[in-house]
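Report on the structure given below.
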Amino acid sequence: MESYSAASLASASHLIMSRARFSLLNNVMAEEELPGVLILDIGGTHGVLEDLAALLKKHFHLITMKEFLGNREEMSKKIQSVFVFECRPTIDRELLESLPNLKVIGNSGVGVDHLDLKMISSFGVKVTNTPHAVADPTADIGMALMLASARRLVEGCQVAVSPDTKYFAVDWLGVEVTRATLGIIGMGSIGYKVAQRARAFNMKILYHNRNRRRKEEEEAVGAHYCAKMEDLLQQSDFVMLVVNLTPETHKLIGKKELGLMKPTATLINISRGAVIDQEALVEALQNKVIRAAALDVTYPEPLPRDHPLLNLNNVIITPHIGTATVQAIRMMAEEAIANILAVLNGQPIPSEVFPK
Ligand SMILES: O=C(O)C(=O)CO
């Protein structure tokens, strides 16, 4: 995980000065009086940042990191908020100490496991996230992984492009998603969107969640509540993980849980890598304890090139692309900006995250 200490800020690409709340007042304030937003990106995303910049420029005055570093003392006093791009860069104490007027960290993405909420809160700084923007694209990736793994799409592509492979699909038969049983672990907004999509495939839907959904919500997608996760694991053909990473969900799926799954079942993870005990998963896949896994998240990300998960033909891995769409990046930015502005303007905050 990237860590943006004050020293490593040189690698972040932009410092953004917020003019949003003042543009609403016809830009009556001089730029140098405006509150600042520091953007932390994950690197290698310049095209995306250009689009983001265009969006932000409608309300914000952008200042490059070079300018920030050239005038650090003055700039750090102006920064009232940090925009964390794509859930991954973390923020350390040293950075917080260097931003005396910081009021809010606007996370672009829903998961905030990369942020030390207690530590941040001890500085009197609020944290917000973007649950609405992420739900549809992340649910789509869950479905895409489930279908791709079920129908062995990646292997199929390899067969199609390989000049010497014999073209007998019968050698690599898949399984059907239609009418199969899907067990969703974590029925928040993303899990629910997955259930809506799975209904169109006539899947039987089971779910396990801390809190049971309302009866009308269950009925709308035909989902059945499993109070015990074990029941869901035993009955499902596909198990999809959609929980937040917390101390309670760390390694939620280990050897015992994998052992409860059907040998024909597939595990899909669109939450965080550490929700699965990865060593136990490798063993289960090697020994065919379960049929396959399809993972958008791992630990670390990316996996080292010699990691055993990369050498198994019953695994599909994508590089954490749940929200990697043109639309989602934009919607997350809009949601994060709305959160940041609400904090700066002392208005009700749409999506604040609290330390437990
Ligand atoms: O929103 C999140 O938490 C993500 O992981 C985005 O990919």
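Every number for a ligand or one of its atoms is a count from 1 in the order of the listing.
- Judged as a side-chain contact (heavy atoms from CB on, under 4.5 Å), and not counting sequence neighbours, the contacts of Arg152 are Glu155, Trp172, Arg291.
- Considering backbone and side-chain N/O of Gly111, one or more are found under 3.5 Å from N/O of ligand 1.
- Residue-ligand proximity, Val110 to ligand 1, at heavy-atom distances under 4.0 Å covers atoms 1 (O), 2 (C), 3 (O).
- Atoms of ligand 1 found under 4.0 Å from any heavy atom of Gly109 (numbered from 1 in listed order, with element): 1 (O).
- Proximity of His320 to ligand 1, defined as any heavy-atom pair under 4.0 Å, is confined to the side chain (atoms from C-beta onward).
- Between the side chains of Glu176 and Thr178, no donor-acceptor pair of N or O atoms lies under 3.5 Å.
- Annotation: cation-pi pair Arg213/Tyr192 present, NZ/CZ under 6.0 Å from the ring centroid and within 45° of its normal.
- The shell of residues lying under 4.0 angstrom from ligand 1, judged by heavy atoms, includes Arg272.
- Side-chain polar atoms of Asn107 and His114 form a donor-acceptor pair below 3.5 angstrom.
- For ligand 1, the polar-atom distance check finds no N/O of Val134 at less than 3.5 Å from any of the ligand's N/O atoms.
- Using a 4.0 Å cut-off between a side-chain N of Lys or Arg and a carboxylate O of Asp or Glu, Arg197 and Asp136 qualify as a salt bridge.
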